[in-house]
Amino acid sequence: MTRQAKPYSDPYLAGVGIGAVLLAAYVLVGRGLGASGAFSSLAAAGTAVIQGTSKAAAAPATAPYLTSGIGTFQTDWLVLELLGVTIGGALSAWFAGRLRRTVERGTGISARQRILTAIVGGILMGLGAKFARGCTSGQALTGGALLSAGSWSFIIACFASGYAAAPFVKKLWSGECKV
Amino acid sequence: MTAPLSESGGLSAAGMQAVAPILGIAFGWFLERGGLGYAPKLAGQFYLRDLTVFKVMFSALLTAMLGVFWLDRLGILDLSLVYLPETFVAPQAVGGALFGVGFVIAGLCPGTSCVAAATGKLDGLATVAGIFAGIVLFNVLFPWTGSFYESTSLGSVTFPELIGISRGLGVALVTAVALGGFFAAQRLDQARMSSK
């Protein structure tokens, strides 16, 4: 580590900032923020590659994302929003001197193990977000702030199972968490 | 003119597309600023080592919830025109449970995995790839899981409506729980500081 990275900002300040962005989304476009929905649009195109476009365009799981062929995702609102998220994240890290190629992990596992477990965790989240019709952005934040009943059942189930599973995967996150 | 602007004609379809990346950039910026692109920090929430996830999430939720509630009360925003996600009790509870396990294993969620990947973290990129694979898997399995996915539908409903209390009381309840959580989090932080 050669360049000194700036410390992260106050979590409450970052939270109020995200809340203000979410509020702006309600006011401007009448909908909230999301992340997994954009993945769904892109994954529908991926599914079309596996199943064939005509089959995927007729299947209920992918049809809503493929209304005018696999090119639709380019104009999807959430895809544009998530594209912004990656740009905003990169900009923030760049200004703070945190842009660095790393594999972040606990001290108990190798980089290769971390990559594998990240993929496994991602698969479970992909499946879970589909059943829940959204993730921590689209359900927990967006639906939660609108008091959606399903969003609150998602929040409670997500954290309850996270805490229940945590002791079993303790090895992944051993060692002192820096920052 | 009342909000949402997309409904009252204040914002065209092209305008909506144009604000999407702008809102996204601000969202990604604040996620990274708060440290939510760094997986060990997020995972720390599940071991009560680092309560950033709770603090960021609930201060964001509180800001947006109170903002939208009062803008509606003041007649600036028509809340009935803001899209309320539909409720499907069983698949959302099961989905949430699956998601929670994935969250603690990956240490990132879909939005934060994009931030992590964009800032050079290869574990973030691996999580992104996993999420794609999980969704494709869901799509392929849909013929067998579709009936469960569509089950226990309640439509667009809020929890205050479901349990028969006013929206204002629901907002007050969430606010009280969040403030109680913030207070507990500060106490936990202080206890950890003094034990070091």
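In what follows, every heavy atom counts, from backbone to side chain, and hydrogens, waters and symmetry copies are set aside. Proteins come first, then strands; the chains are lettered A, B, ... in the order of their sequence lines, and each starts at number 1. Remember, predicted model here, so these are calculated numbers, not experimental data.
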Checking B/Ala39 against chain A: side chain, backbone, both or neither under 4.5 Å from a heavy atom?
both
Part of A/Ala140 within contact of chain B (heavy atom distance under 4.5 Å):
both
Is chain B contacted by the side chain of A/Arg114, its backbone, both, or neither, given a heavy-atom distance below 4.5 Å?
side chain
Identify which part of B/Thr112 has an atom lying under 4.5 Å from any heavy atom of chain A, answering side chain, backbone, both or neither.
neither
Below 4.5 Å, heavy atoms only, C-beta onward: do B/Arg33 and A/Arg98 meet side chain to side chain?
yes
Ring centres of B/Phe54 and A/Phe159 under 6.0 Å apart?
no
Residue B/Val171 versus chain A: region with a heavy atom under 4.5 Å
both
Would you mind checking which part of A/Leu91 comes under 4.5 Å of any heavy atom in chain B, side chain (CB onward), backbone (N, CA, C, O), both or neither?
both
A/Arg133 to B/Phe88 six-membered ring, cation-pi geometry met (6.0 Å, 45°)
yes
At a heavy-atom separation under 4.5 Å, does A/Lys6 approach chain B through its side chain, its backbone, both, or neither?
neither
Side chain / backbone / both / neither for A/Leu28 at chain B, heavy atoms under 4.5 Å:
both
Using non-hydrogen atoms only, which part of B/Leu162 is less than 4.5 Å away from chain A: side chain, backbone, both, or neither?
side chain
Under 4.5 Å to a heavy atom of chain B? For A/Ala129 that would be both
Answer with side chain, backbone, both or neither: which region of B/Ile163 has an atom nearer than 4.5 Å to a non-hydrogen atom of chain A?
neither
Where on B/Val140 is there a heavy atom nearer than 4.5 Å to chain A: the side chain, the backbone, both, or neither?
both
Segment of B/Phe58 engaging chain A (4.5 angstrom heavy-atom cut-off):
side chain
Heavy-atom distances under 4.5 Å only: say whether A/Ala160 touches chain B with side chain, backbone, both or neither.
neither
Please examine the side chains of B/Val82 and A/Arg31, heavy atoms only from C-beta on, and report whether any two atoms are closer than 4.5 Å.
no
Are the side chains of B/Val56 and A/Pro11 in touch, meaning some heavy atoms are under 4.5 Å apart?
yes
So what's closer than 4.5 Å to chain A heavy atoms on B/Leu71: side chain, backbone, both or neither?
side chain
Within the structure provided, determine whether B/Trp29 and A/Phe95 are in side-chain contact (heavy-atom separation under 4.5 Å).
yes
Is any side-chain heavy atom of A/Trp77 closer than 4.5 Å to a side-chain heavy atom of B/Leu23?
yes
Is the ring centre of A/Phe131 less than 6.0 Å from the ring centre of B/Phe99?
no
Do A/Ser40 and B/Phe138 come close enough that some side-chain heavy atom pair is under 4.5 Å?
no
Report which part of A/Leu127 has an atom under 4.5 Å of a heavy atom belonging to chain B: side chain, backbone, both, or neither.
both
Go through the atoms of A/Ile50 and report whether side chain, backbone, both or neither lie under 4.5 Å from a heavy atom of chain B.
side chain
